[in-house]
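Just below is one structure, and these are the notes that go with it.
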2 protein chains.
Amino acid sequence: METVFITPKIVSQKCRYALRAIFELASRHTAEAVKISDIASSQAISPRFLENILVELKQAGFVASKRGNDGGYILTWPADKLTVGQVIAFIQGTVKYNVVPYGIDSAKNGDYAFSHLWQRLNDSISGIYNNTTFADLVQEEAMAAKDYVPNYVI
Amino acid sequence: METVFITPKIVSQKCRYALRAIFELASRHTAEAVKISDIASSQAISPRFLENILVELKQAGFVASKRGNDGGYILTWPADKLTVGQVIAFIQGTVKYNVVPYGIDSAKNGDYAFSHLWQRLNDSISGIYNNTTFADLVQEEAMAAKDYVPNYVI
DNA sequence: CATTATTCCTATAGATTTAATAGGATATTA
DNA sequence: TAATATCCTATTAAATCTATAGGAATAATG
């Protein structure tokens with residue numbers, strides 16, 4: 001039940017909230033806008049903090065908003081086309097790294113070996129991020145929560 | 001030459017210094033103790049900062065030290081038995097995570113799907129960390145720097 | 001048109017983490 | 001005993017992260 005993670009905080013709290021918010025929108029297969037307060041309460045996020053996050057997600061084009069009485073947020077992407085990697089990269093940003101090419105004397109002892117290690121690590125993480133869509137997550141959650149009924153043909 | 005990493009600071013500066021210090025010890029195939037100042041200059045690390053790091057690495061048992069005039073540090077592990085994962089876990093610490101088991105209604109919508117995602121991510125990262133030894137890194141660096149001559153049998 | 005409910009924008013505060021420095025104690029060798 | 005190096009503890013400066021807050025803009029409703 002308890003797993004030890006070798007990598008603390010690979011994804012920030014803010015980023016996890018962003019993912020949860022989009023997940024929440026994706027899991028409600030409705031055309032109606034969902035209010036911040038609804039997302040906040042069902043995902044246990046501070047409403048005021050979530051507000052800022054949603055504004056950012058809107059500026060990135062992941063969600064659209066409607067103001068006023070029946071306001072709220074909707075997902076602008078099809079859930080099976082939006083990956084967690086896109087959201088994570090937007091919220092946490094990316095880092096540019098110099099990868100030392102093979103066959104060249106590197107400046108410091110270890111530059112090549114370590115840059116290659118970090119690159120392999122990055123490729124592995126990116127592979128997971130970019131191949132996980134919100135549709136995947138929603139489907140997985142539905143199956144786990146047992147409210148998934150497979151399409152048997154009788 | 002420049003690669004974009006989706007995960008900023010997956011390994012802290014301090015941790016990278018620790019890895020570099022051990023790499024430096026591993027790459028010098030000598031029984032003599034290596035001084036902090038030597039490691040610091042060849043790896044471009046602040047000597048005073050490195051000092052603290054090496055004391056920690058000693059307490060973890062990765063290195064041993066000798067004080068006084070001919071003092072310095074030596075590696076206590078065989079380089080092909082020590083992985084980067086062991087060092088990273090010690091320096092950065094680990095995080096315990098609740099993994100929601102399959103088939104149970106989770107407390108919040110998404111708990112299962114996300115905990116599974118984080119677990120896959122952790123497994124992937126751990127796989128790389130725990131299968132990369134310092135001997136691997138030293139060999140890779142030697143090949144890249146072109147001072148590696150393969151053992152051709154003529 | 002006023003009211004109400006909602007998102008939007010900007011600023012800021014508090015806490016934590018990280019990176020680095022510093023002083024002096026301790027040990028080893030010559 | 002002098003010189004050189006590691007050892008231990010404390011501290012600081014900067015950056016980052018999390019969260020809160022005030023008030024502006026917008027939309028629906030009666």
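We name chains A, B, ... by the order of the sequence lines, and we start the count at 1 in each one. The structure displayed is predicted, hence computed values, not measured ones.
Put simply, the side chain of A/R67 and the base of C/dT6 share no donor and acceptor less than 3.5 Å apart. In the interface, the side chain of A/N52 is paired with the base of D/dT20 through a donor and an acceptor atom under 3.5 Å apart.
Between B/E51 and A/E51, it is A/E51 whose nearest contact on DNA chain C lies nearer the 5' terminus. Residue whose closest nucleotide on DNA chain D sits further toward the 5' end, between A/C15 and B/Y73: B/Y73. The residue among A/K14 and A/D70 whose nearest nucleotide of DNA chain D lies closer to the 5′ end is A/K14.
Atom CD of A/E56 is separated from atom P of D/dA19 by 14 Å (rounded to the nearest Å). When rounded to the nearest whole Å, the span between CD1 of B/I53 and P of C/dA19 equals 9 Å. Straight-line distance from the CD1 atom of B/I91 to the C1' atom of C/dT18: 13 Å, rounded to whole Å. The distance between atom CD of B/E32 and atom P of D/dA5, rounded to the nearest whole Å, is 14 Å. The distance from atom CD1 of B/I74 to atom P of C/dT28 is 14 Å, rounded to the nearest whole Å. The distance between atom CG of A/L50 and atom P of D/dA19, rounded to the nearest whole Å, is 11 Å. Atom CG in B/L57 sits about 14 Å away from atom P in D/dT6, given to the nearest Å. Straight-line distance from the CD atom of B/Q13 to the P atom of D/dT16: 13 Å, rounded to whole Å.
Checking the phosphate oxygens (OP1, OP2) of C/dT7, no side-chain nitrogen or oxygen of A/K66 falls inside 4.0 Å. Between C/dA20 and B/Y17, a contact under 4.0 Å exists linking OP1 or OP2 to a side-chain N or O. At the phosphate of C/dC9, OP1 or OP2 sits under 4.0 Å from a side-chain N or O atom of A/Q59. Contact check, A/K35 against C/dT6: a side-chain N or O comes under 4.0 Å of OP1 or OP2. Side-chain nitrogen and oxygen atoms of A/S46 include none within less than 4.0 Å of the OP1 or OP2 phosphate oxygen of D/dT18. Between C/dT17 and B/K9, no contact under 4.0 Å exists linking OP1 or OP2 to a side-chain N or O.
In the set D/dT18, D/dA28, C/dA22, D/dT18 carries the atom at the smallest distance from any side-chain atom of A/S12. Closest approach to the B/R48 side chain among D/dT6, C/dG23, D/dT29 is made by C/dG23 (side chain taken as heavy atoms from C-beta onward). The side chain of A/N69 lies closest to C/dA5, out of D/dC7, C/dA5, C/dA19.
Side chains of A/E24 and A/S42: a donor on one and an acceptor on the other come within 3.5 Å.
Taking CG from A/L121 and CZ from B/F5, the interatomic distance works out to 7.5 Å, rounded to the nearest 0.5 Å.
The closest donor-acceptor contact from the side chain of B/T76 to the backbone of B/A64 lies at 3.5 Å or more, if one exists at all. Without hydrogens or angle criteria, A/D136 side chain to A/T132 main chain gives no donor-acceptor distance under 3.5 Å. Formation of a donor-acceptor pair under 3.5 Å by the B/R20 side chain with backbone atoms of A/N109 is found in this model.
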Point to revise | salt bridge (charged side-chain N to carboxylate O under 4.0 Å, His left out) between B/D38 and B/K35, worked out | key: CA-CA 5 Å; B/D38 289 344; B/K35 293 192 207 320; 5.9 Å; no
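Using a 4.0 Å heavy-atom criterion, one finds that A/I36 contacts the sugar-phosphate atoms exclusively.
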